[in-house]
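Structure record follows, encoded as structure tokens.
Heavy-atom basis, side chains included; hydrogens, waters and symmetry copies ignored.
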Amino acid sequence: MSDALYTVLAADVVPLLTALFTAWTCGLLGMFLVLGRRGLLADSIAHSVLPGLALAFLATGSRHPGWMLLGGTLAGACGALTVHLLERYGRLERSAAIGATFPVFFAAGLLLLERTGGGGVDLSPDCVLAGELELLFWVPPRELAQLLEPATLDLLPRPLFLCALALLATAGFLAALWPRLTAATFDPQFARTAGLRPDWTQAFFTALVAAAAVAAFQAVGSILVLTLFLAPAATARLLTDRLGNLAVLTLLIATLAVCAGYILATRGPALLGHDLSLSASGTIAATAGALLLLAGFLGPRRQGSA
């Protein structure tokens, strides 16, 4: 194996795959958030998981992915439930209920992080915002034939496996419940009449959004998680009205944003002659936002309304 290939495998493959798995997971879920006009719910959940992560660490003294996933998912579900209760019994509009909920949860999470003493880099406030993609190193073998051996794969960072598991769970959920989720998103009243139990479907979907946010939180940070939930799906929505095409376009746009953003962050400054580093998560988020703006100005809907 050449030195160049070895460097790419060690420094770039794991963070790039982790970001891609996260983008595909968040993009698939984000389609139904965008179509159901519940984008702010992703904002609420992405911020609400933080106190659950901190409490899981305080209770167990460990950053084990299982405990983190449980704590974060429960906290995200509590955040979503709080929004529902404020909306239903407090008679607040959904946007007001969400706006009143997620800052409180996020602030509580930051205070709990102080209580943990930072918990190491994985629980520092900087990591919460920007993630740790740049820290996901792998030590691959020098021989290509050894790449897929169990001992070699066991050296891969845990966040990669966690994000891959979240992607598989999301794909399985959507494959099994696609008709129910579609009905619950577009016409909840019809879904109730047909006995499809849209409330249960939406509750399970909300829990899956929370779990996906937790799985990606440590690796990519809250900024990129929230961006990937909304930007690729919103961009695709500006380009098509068909649900099947929307799914394909969302995945393609998410892939483009991750690959272009990661290359810009890791190679861009050097190509311009600058000796500095950029946040991979921040650059990917900015790239996804740029694609959304481009679709908004140049997409077929914009052209048709001009």
For residues Gln202 and Thr185, determine if any side-chain heavy atom of one lies less than 4.5 Å from a side-chain heavy atom of the other.
yes
Are any of the side-chain heavy atoms of Leu33 and Phe205 separated by less than 4.5 Å?
yes
Output the distance between atom CE (Met31) and atom CG (Leu246), rounded to the nearest 0.5 Å.
5.5 Å
Going hydrophobic residue to hydrophobic residue with side-chain gaps under 4.5 angstrom, can you get from Val49 over to Phe105?
no
Look up atom CZ in Arg267 and atom CG in Asp12, then write down how far apart they are to the nearest 0.5 Å.
4.5 Å
Minimal heavy-atom distance between Ala54 and Gly109, with the atoms involved, is CB-O, 4.3 Å
Nearest heavy-atom approach of Ala19 to Ile284 is CB-CD1, 4.2 Å
Which donor-acceptor pairs under 3.5 Å do side chains of residues 251-260 form with protein atoms, sequence neighbours excluded?
unit_1	atom_1	unit_2	atom_2	d
Thr255	OG1	Trp24	NE1	2.8
Thr255	OG1	Leu251	O	2.8

To check you understand the geometry: which heavy-atom pair defines the closest contact between Thr22 and Thr18, and what is its length?
OG1-O, 2.9 Å
How many angstroms lie between CG in Leu16 and CG in Leu160, if you round to the nearest 0.5 Å?
10.5 Å
Are Phe229 and Leu29 close enough, and set up right, to give a side-chain contact (heavy atoms from CB on, under 4.5 Å), and what steps lead you there?
CA-CA 7 Å; Phe229 268 130; Leu29 295 172; 4.1 Å; yes
For Ala23 against Leu228, the heavy-atom pair lying closest together
CA-CD1, 3.7 Å
When you compare the side chain of Pro159 with that of Leu136, does any pair of heavy atoms fall below 4.5 Å?
yes
Pairwise distance CG(Leu58) to CG(Leu53) - rounded to 0.5 angstrom
11.0 Å
In this structure, would Phe204 and Val214 fall into the same cluster of hydrophobic residues linked by side-chain contacts under 4.5 Å?
yes
Please tabulate, one pair per line, all N/O donor-acceptor pairs under 3.5 Å involving side-chain atoms of residues 161-184, not counting sequence neighbours.
unit_1	atom_1	unit_2	atom_2	d
Thr170	OG1	Ala166	O	2.9
Arg180	NH1	Leu196	O	2.9
Thr182	OG1	Trp178	O	2.7

From CG (Leu86) to OG1 (Thr101), nearest 0.5 Å:
5.0 Å
Val14 reachable from Leu17 in the ILVMFWY side-chain graph, under 4.5 Å edges:
yes
Is it possible for you to say whether Leu133 and Leu156 belong to one hydrophobic cluster, with membership spreading through side-chain heavy-atom contacts below 4.5 Å?
yes
Could you tell me which non-hydrogen atom of Thr250 sits nearest to which non-hydrogen atom of Gly27, and how far apart they are?
CG2-O, 3.4 Å
Do Leu243 and Leu28 share a hydrophobic cluster, counting only Ile, Leu, Val, Met, Phe, Trp and Tyr and linking them when any side-chain heavy atoms are less than 4.5 Å apart?
yes
To the closest 0.5 Å, what do you measure between CG (Leu249) and CG (Leu238)?
11.0 Å
When every non-hydrogen atom of Ala97 is compared with those of Val83, the smallest separation belongs to CB-O, 3.8 Å
